[in-house]
There are 2 protein chains.
Amino acid sequence: MDVSFAVSRTRPGITAEKYPADCPTRTVLTHITSKWGVLVLLSLEQGSLRWGELRREVEGISEKMLASTLRTFEADGLVNRDAQPSIPPRVDYSLTPLGREAALRLLPLMDWIADNAEAMVAR
Amino acid sequence: MDVSFAVSRTRPGITAEKYPADCPTRTVLTHITSKWGVLVLLSLEQGSLRWGELRREVEGISEKMLASTLRTFEADGLVNRDAQPSIPPRVDYSLTPLGREAALRLLPLMDWIADNAEAMVAR
DNA sequence: CAGCATCCTGTTAGATACTG
DNA sequence: CAGTATCTAACAGGATGCTG
């Protein structure tokens with residue numbers, strides 16, 4: 001696979017650069033680290049949530065941004081959308097196995113941030 | 001410490017929400033997951049780099065964004081700036097211990113993205 | 001070489017209103 | 001309840017030129 005990141009970790013010295021602009025990793029990194037991406041992914045990490053629950057969990061997110069973030073992740077195969085055709089409608093969102101893998105890598109980061117954020121901002 | 005993330009992982013049920021809007025974690029998360037934040041942090045993970053080296057490592061970053069990203073991380077205490085008052089000037093950037101901790105949590109994520117990005121984008 | 005100043009653009013995101 | 005539609009605003013980000 002020709003993803004430069006994995007290759008370049010070894011610092012071959014000949015490879016032009018470590019983080020080329022036109023690399024699929026950039027796209028995925030952008031999705032996941034989008035303003036609400038991390039928060040949505042981690043909210044679903046403990047189990048599926050309904051639309052409204054998600055909105056309340058990720059405080060401050062607008063309906064538009066929640067919809068767009070979820071659709072992006074659905075297209076990426078990170079999130080499942082399960083819509084019940086009932087009235088009133090009920091839609092549950094959950095992580096796919098792939099999404100769970102991503103969330104798993106996000107958890108240590110968020111835990112660390114939670115532990116150090118105050119000190120950093122106060123500085 | 002009143003960082004809601006760490007607390008809420010247990011799903012107390014009484015806590016209003018998991019990711020409140022006015023939380024220092026939001027600020028730090030924004031800095032680190034900014035468009036170039038992850039790439040800069042990881043570029044420095046293997047050792048200090050000069051300004052120009054960083055520009056080349058993180059392909060596509062503009063001078064303005066590199067400067068602003070570095071200044072933010074410097075203020076957060078994640079990056080050290082070491083300026084030699086020589087002519088021509090030489091400035092080296094390196095991670096602080098705090099920055100190294102952050103980068104360490106970013107590595108698994110980037111490795112995972114590198115392994116899965118193509119499949120996700122191709123989808 | 002390592003920036004900063006200035007100006008400018010466009011995506012990203014917020015507000016509001018409406019619907020099946 | 002779970003969205004869509006539309007309109008607008010803000011700020012991240014880019015281009016260019018200049019300097020110690």
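Protein chains get the first letters and strands the later ones, always in sequence-line order, with residue 1 at the start of each. If you're wondering where the values come from, they're calculated on a predicted model, not measured in any experiment.
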Which nucleotide in C:dA15, C:dC4, C:dA2 has an atom nearest any side-chain atom of A:Lys64: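 So the side chain of A:Lys64 is nearest to C:dA15.
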Closest to side chain of A:Lys35, choosing from C:dA13, C:dG20, C:dC4: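 Comparing C:dA13, C:dG20, C:dC4 against the side chain of A:Lys35, the answer is C:dA13.
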Take atom [atom1] of [X] and atom [atom2] of [N], then tell me their distance rounded to the nearest Å.
X       : N      : atom1 : atom2 : value
B:Glu63 : C:dC4  : CD    : C1'   : 9 Å
B:Arg71 : C:dC4  : CZ    : C1'   : 8 Å
B:Met65 : C:dC4  : CE    : C1'   : 13 Å
A:Leu39 : C:dA13 : CG    : P     : 12 Å
B:Arg56 : C:dG3  : CZ    : P     : 13 Å
A:Ile87 : C:dG20 : CD1   : P     : 11 Å

If you compare all heavy atoms of [X] against all heavy atoms of [Y], which two are closest, and at what distance to 0.1 Å?
X        : Y        : result
B:Ala103 : B:Leu41  : CB-O, 4.2 Å
A:Pro24  : B:Glu118 : CG-CG, 3.8 Å
B:Val79  : B:Tyr93  : CG1-CD2, 3.9 Å

Main-chain N/O of B:Glu101 paired with B:Arg105 side-chain donor or acceptor, under 3.5 Å: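 Present.
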Boundaries of the DNA chain D segment in contact with chain B, non-hydrogen, under 4.0 Å: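 From 5' to 3', the first and last contacting nucleotides are D:dG13 to D:dG20.
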Closest-nucleotide 5' rank along DNA chain C - winner of A:Ser34 and A:Pro89: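 The residue whose closest nucleotide sits nearer the 5' end is A:Ser34.
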Below 4.0 Å: OP1/OP2 of C:dA2 and any side-chain N or O of B:Arg81: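 Result: no.
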Side-chain N,O (A:Trp36) to OP1/OP2 (C:dG14) below 4.0 Å: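 For C:dG14, OP1/OP2 do have a side-chain N/O of A:Trp36 under 4.0 Å.
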Residue among B:Leu106, B:Leu109, B:Ile113 satisfying side chain to side chain contact (heavy atoms under 4.5 Å, CB included) with B:Val38: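 Result for side chain to side chain contact (heavy atoms under 4.5 Å, CB included) with B:Val38: B:Leu106.
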From CG (A:Leu98) to CH2 (B:Trp112), nearest 0.5 Å: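 With rounding to 0.5 Å, CG (A:Leu98) is 4.5 Å from CH2 (B:Trp112).
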Toward the 5' end of DNA chain D, by each residue's nearest nucleotide, B:Ile61 or A:Arg50: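 Closest to the 5' end, via its nearest nucleotide, is A:Arg50.
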Identified side chain to side chain donor-acceptor pair (under 3.5 Å) counterpart of A:His31 within the set A:Thr72, A:Thr69, A:Asp76: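 It is A:Asp76; the other options fail the test.
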Sugar-phosphate, base or nothing in reach of A:Arg55, heavy atoms under 4.0 Å: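 No contact.
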